[in-house]
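Notes to accompany the following structure.
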Amino acid sequence: MGFCSLSNLAMADRHGEDDSPYFAGWKAYDLNPYDLLCNPSGIIQMGLAENQVGTDLLEEWLEKHSDIPTWKGTLTSFKQTALYQDYHGLANFRKALANFMAEVRGRRVKIDPDMIVLTAGATAGNEILTFCIADPGEALLVPTPYYPGFDRDLRWRTGVEIIPVKCYSYNDFEITFPALEKAYQEGLNKKQSIKAILITNPSNPLGLTISPQTLTMILDFATEKSIHVISDEVYAGTVFSSHPFTSVLEIVQSSNKYDPETVHVVYSLSKDLGLPGFRIGAIYSSNPKIVTASRRMSSFSLISSQTQVLLKCLLSDSVFIAEYLATVKERLKRRNEEFKRGLKEMGIDSLQGNAGLFSWVNLRSLLVFDNLDGEMKLWRVILEEIGLNVSPGCSFHCEEPGWFRVCYGNMSEDEMNVALGRIKSFMSGGGAQEEVLLSTSKTDISVAQEEVLSTDISVTAATAAAACTALGLDASDLQPEPLAH
Amino acid sequence: MLSKKVRLEAHGEDSSYFLGWKEYEKNAYDEVQNPSGIIQMGLAENQLSFHLLEAWLASNQDAARLTKNGESVFRELALFQDYHSLPDFKNVLVDFMAEIRRNKVSFDPRKLVLMAGATSANETLMFCIADPGDAFLLPTPYYPGFDRDLKWRTGVELVPIHCSSLNGFKVTKFSLEEAYQQAQKLSLNVKGVLITNPSNPLGTTMSHDELEELITFAIAKKIHIISDEIYSGTVFDHPSFISIMEALLDRKLEETELWNRVHVVYSLSKDLGVPGFRVGMIYSNNEALVSAATKMSSFGLISSQTQYLLSKLLSDKKFTRNYMKENRKRLKARREMLVTALREAGIECLKSNAGLFCWVDMRNLLSSNTFDAEVELWKKILREAGLNVSPGASCHCSEPGWFRICFANMSEETLNVSMQRMKAFVEKTTQQCRRGGGRVTHQESGCNSRRRPLSNWVLNLCSYDREPYR
């Protein structure tokens with residue numbers, strides 16, 4: 001026997017982290033980050049879907065309740081907390097979380113705390129549900145464009161495949177019945193057993209909720225095909241439109257048509273409360289077998305009991321929570337409107353979003369080549385010439401080139417306006433701007449050029465390498481950050 | 001229809017072990033409220049030194065308040081989800097680990113990968129090293145949770161390295177070879193050996209000779225060694241703890257291939273008594289493994305709130321030194337209490353120098369030298385003595401009659417009560433045996449070394465949904 005190597009999992013690249021150009025932008029930002037005072041010409045990070053618009057409120061709450069984290073103001077003592085490792089999770093935390101989840105859904109949904117399975121983040125929640133529902137080689141349907149992390153979370157260790165349900169700009173990327181059918185047929189043709197459809201509602205990267213009609217259509221489809229529905233609702237609390245957020249649970253609970261044991265929700269406090277570092281996620285399911293199995297699997301991804309105790313207190317402060325949710329919505333709405341308006345003034349369109357921490361922006365008219373290569377070149381221009389790290393649509397498996405996700409929830413309003421100002425300068429640069437766009441098109445990007453100029457716009461490692469070369473970076477230098485939703 | 005992992009329920013949690021938990025939860029001992037309830041002696045928790053942690057917290061409010069010199073660091077921590085973890089935390093952890101090993105080994109924080117508990121670390125190592133269908137060899141008896149942690153989602157097989165009471169359950173060259181041959185017979189591709197050192201459930205550290213045999217074996221077979229060292233800080237007596245890393249250095253193996261195939265698992269759950277905080281880690285010299293494991297840790301990151309608290313705690317070297325000293329002293333005293341009391345009741349324990357439990361020899365109380373008799377005895381201890389202990393079969397011990405009894409998860413008073421009950425139980429049982437009641441005749445005792453399947457009625461209680469193993 002030769003040298004005993006690592007597993008296929010470890011050696012292959014199914015985690016997807018080296019395949020996405022997403023990371024080259026991160027590296028560039030890390031080397032030259034924007035700072036109002038110290039580095040005003042640095043790169044502004046607009047590729048990170050973080051919610052910082054309400055952090056000041058949380059800071060205030062913590063200051064007012066400074067006894068709680070030291071266990072002085074809590075019912076659970078330090079010792080009890082430190083010893084508590086039961087995968088059911090602290091009962092009063094689960095109750096508080098259930099109450100919060102119901103609140104975010106306008107109390108139109110009943111959330112039973114005993115059907116909540118706690119997981120260290122939605123990352124773990126999505127993987128665990130996939131392990132429970134599908135065997136290696138089986139498949140999930142996932143509408144595009146979708147969060148790049150799914151390529152790792154749903155596929156890597158589970159061995160499960162993703163079949164994209166392709167959505168297009170002509171109808172604002174809405175999921176259609178023909179698209180579902182087409183994807184399903186594709187699975188059949190490849191002899192893949194499809195076990196579930198996973199939707200993200202509100203959508204990342206679209207920043208849009210899925211309408212009740214579309215949800216009903218998806219449920220009808222899933223029922224007909226006897227597959228599960230997984231609804232990743234991590235952005236539920238960021239919906240700022242006047243129309244309330246409709247969770248898939250609301251439709252299931254108000255109808256007899258659907259089997260509640262086949263519909264599951266993944267949730268997290270990373271986006272709504274802006275606490276990704278605390279690793280608070282949950283699976284919600286009415287299927288007792290799934291609840292039992294996923295609870296046992298959560299042993300590999302438990303939430304720190306210290307964090308459960310703190311969050312139980314925070315979430316139980318209903319006055320604060322109501323104020324927090326309302327304020328965050330109002331601030332996100334303002335950001336979204338300002339950003340959209342600012343772009344519009346420069347002749348740039350973006351999807352009319354109603355949720356999320358980002359805008360889905362249409363830069364197709366700026367592409368020199370109407371394909372992946374063109375999109376990558378434009379992305380490089382935005383990074384190098386405008387100084388903004390945004391996320392190209394190809395990293396979300398978008399079918400059409402030219403769309404970009406631009407985050408604005410992870411910065412101050414001033415910083416967002418600086419970003420808008422930079423775009424404006426570039427766009428009104430006239431001839432200079434065109435020159436830049438055209439000159440980058442002449443950059444020699446190696447033999448992969450032929451590949452990427454084809455109509456198949458799937459991202460390849462060669463493209464990532466090309467992106468790195470174009471930026472003068474060594475691909476092996478990349479120390480990618482974990483994929484933030 | 002759900003996945004095979006759910007339908008076949010290969011998580012290993014349906015062993016008879018659960019009966020004890022269920023009974024305990026229905027009727028838990030309380031000094032005042034329920035003095036006749038069941039005393040939990042099946043839980044390997046370290047509750048002996050909380051007063052030290054509490055005192056430190058009281059004098060260092062910053063750490064829990066998420067402030068630094070009075071200024072809030074909440075925002076940075078709330079947003080910190082980098083799978084490289086808080087640098088400060090890793091730096092103090094490597095120092096802490098080195099100290100536990102009397103600074104015979106030093107660790108590089110860049111080779112440390114943090115994740116939510118040793119449970120997560122062990123599984124991640126399996127995912128990184130073995131493909132589904134590959135095998136790992138494990139000395140028996142071993143921690144029952146491994147059947148879930150190492151096998152369930154990974155599809156890896158475990159092949160036991162049978163250890164015997166004849167030599168104190170030590171790993172021998174013969175037992176290693178035998179396990180390897182067994183794997184070959186089963187057409188399994190062996191990827192490595194996983195040792196727990198100090199051992200759960202034995203409470204002993206591996207000797208220099210054992211480690212030598214293991215290293216020689218791993219070199220010859222070109223396989224990995226995983227050393228689960230989560231009890232390394234609980235070594236309270238001679239011989240001193242020898243980490244696998246120290247053994248490698250002693251043999252000057254730093255430049256060899258084996259150096260990249262040895263990995264350590266650690267956690268703060270046992271040494272610091274904070275299992276709820278979910279602090280586990282992998283240490284490896286193998287760059288590719290560190291890289292893959294780091295990415296996998298996304299599925300189980302440690303809360304930044306907890307990383308911050310513990311980085312402050314462990315950076316207080318005066319505190320950690322005092323804590324470790326005091327912790328060992330208390331563990332030793334408790335172990336003495338248990339061993340002495342059992343001896344007075346006519347029961348011997350394996351000579352131990354570490355851990356939160358003793359490996360207790362109750363073979364002379366068995367009605368026959370079978371695992372059926374062991375289950376019978378265990379149920380009697382539970383029902384008649386009101387003590388929940390762990391039967392050796394749940395740890396895959398090859399010989400019936402051994403039990404793990406924990407001593408660090410209760411007060412001294414409670415331990416005393418449990419020992420009184422044990423004494424009374426043993427007296428009663430011995431009398432019964434003398435009178436010939438319940439003793440199986442030689443013809444009926446059947447096969448003594450082959451493991452018998454557990455009885456149906458016990459298996460029927462398997463649906464109990466509770467996390468038992470620690």
Side-chain angles (χ1 to χ4, degrees), chain A residues 1-4 6-11 15 17 50 52 55 58-59 62-63 66 69-71 78-79 81-87 120-121 123-124 127 131-135 152 157 274-279 289-290 292-293 295-297 299-307 310 481-482 484, chain B residues 2-6 11 13 45 47 50 53-54 57 61 64-66 72 74-75 77-83 116-117 119-120 123 127-131 148 153 191 221-224 257 261 273-278 288-289 292 295-296 298-306 309 465 467 470:
Chain A
M1 203 201 298
F3 169 70
C4 191
L6 302 183
S7 65
N8 290 329
L9 266 190
M11 302 313 290
H15 49 72
E17 287 190 23
E50 270 177 5
Q52 290 195 39
T55 312
L58 295 172
E59 281 167 332
L62 206 58
E63 219 187 290
S66 55
T70 58
W71 286 277
F78 167 74
K79 182 172 165 178
T81 309
L83 290 173
Y84 191 86
Q85 57 176 332
D86 185 334
Y87 57 28
T123 302
E127 193 198 38
F131 266 125
C132 287
I133 288 172
D135 287 315
R152 171 197 63 197
R157 307 191 305 181
L275 303 171
F278 288 6
R279 313 316 301 145
K289 284 206 172 84
I290 286 193
T292 302
R295 196 167 269 149
R296 287 171 174 164
M297 281 189 191
S299 303
F300 301 106
S301 316
L302 295 177
I303 301 178
S304 167
S305 52
Q306 179 197 15
T307 301
L310 176 64
E481 294 292 320
Chain B
L2 303 177
S3 68
K4 289 201 187 89
K5 285 178 182 60
V6 172
H11 50 75
E13 283 192 21
E45 272 177 0
Q47 292 193 25
F50 271 108
L53 294 172
E54 281 157 351
L57 276 174
Q61 309 261 331
R65 282 223 172 105
L66 305 183
S72 172
F74 168 75
R75 181 182 289 258
L77 290 173
L79 297 170
F80 187 84
Q81 55 175 331
D82 182 347
Y83 55 27
T119 302
S120 184
E123 191 200 38
F127 273 125
C128 287
I129 295 172
D131 292 314
R148 172 198 61 199
R153 304 192 305 182
K191 290 309 285 271
K221 306 294 188 202
K222 295 183 166 37
I223 58 178
H224 294 254
E257 280 182 5
R261 297 199 308 263
V274 293
F277 289 0
R278 313 315 300 147
L289 185 135
K295 292 173 172 123
M296 279 191 194
S298 301
F299 299 109
L301 295 173
I302 304 176
S303 169
S304 56
Q305 179 196 14
T306 302
L309 170 67
D465 177 32
E467 174 85 277
R470 292 299 165 193

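In what follows, chains are A, B, ... by sequence order, proteins preceding strands, each numbered from 1. As the structure is a prediction and not an experimental result, all values here were calculated from the model.
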B/F299 vs A/F300, side-chain contact (heavy atoms from CB on, under 4.5 Å): CA-CA, chis, key distance, verdict = CA-CA 8 Å; B/F299 299 109; A/F300 301 106; over 6 Å; no
Pair B/R278-B/T119, side-chain contact (heavy atoms from CB on, under 4.5 Å): steps then yes or no = CA-CA 9 Å; B/R278 313 315 300 147; B/T119 302; 3.9 Å; yes
Take B/K295 and A/R152 through the test side-chain contact (heavy atoms from CB on, under 4.5 Å) and record every step on the way to the result.
-> CA-CA 9 Å; B/K295 292 173 172 123; A/R152 171 197 63 197; 5.6 Å; no
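In this structure, A/I303 and A/F278 have side chains that are not in contact, with every pair of non-hydrogen atoms separated by 4.5 Å or more. A/R296 has its side chain out of reach of B/R148: every pair of non-hydrogen atoms, C-beta onward, lies at least 4.5 Å apart.
Of the residues considered (A/R279, A/Q306, A/M297), A/Q306 shows the highest number of contacts with chain B, using heavy-atom pairs under 4.5 Å. Interface remark: of the candidates A/A124, A/A293, A/P276, A/S305, A/P276 forms the most heavy-atom pairs closer than 4.5 Å to chain B. Of the residues considered (A/L310, A/L275, A/T307, A/I290), A/T307 shows the highest number of contacts with chain B, using heavy-atom pairs under 4.5 Å. In terms of heavy-atom pairs under 4.5 angstrom with chain A, the leader among B/G300, B/A292, B/A78 is B/A78. The choice from B/G273, B/C128, B/A130 that makes the most heavy-atom pairs within less than 4.5 Å of chain A is B/C128.
With a 4.5 Å cut-off on non-hydrogen atoms, B/F80 touches chain A through its backbone but not through its side chain. Of the two parts of A/Q52, the backbone and the side chain both hold a non-hydrogen atom closer than 4.5 Å to a non-hydrogen atom of chain B. Contact of B/A288 with chain A is made through backbone and side chain together, with heavy-atom distances under 4.5 Å. Contacts of B/I302 with chain A are made by backbone atoms alone, with heavy-atom separations under 4.5 Å and no side-chain atom involved. Proximity to chain B (any heavy atom under 4.5 Å) is shown, for A/L83, by both the backbone and the side chain. Only the side chain of B/L57 comes within contact range of chain A, with heavy atoms under 4.5 Å apart.
By the 4.0 Å N-to-carboxylate-O rule, A/E59 lies close enough to B/R75 to be salt-bridged with it.
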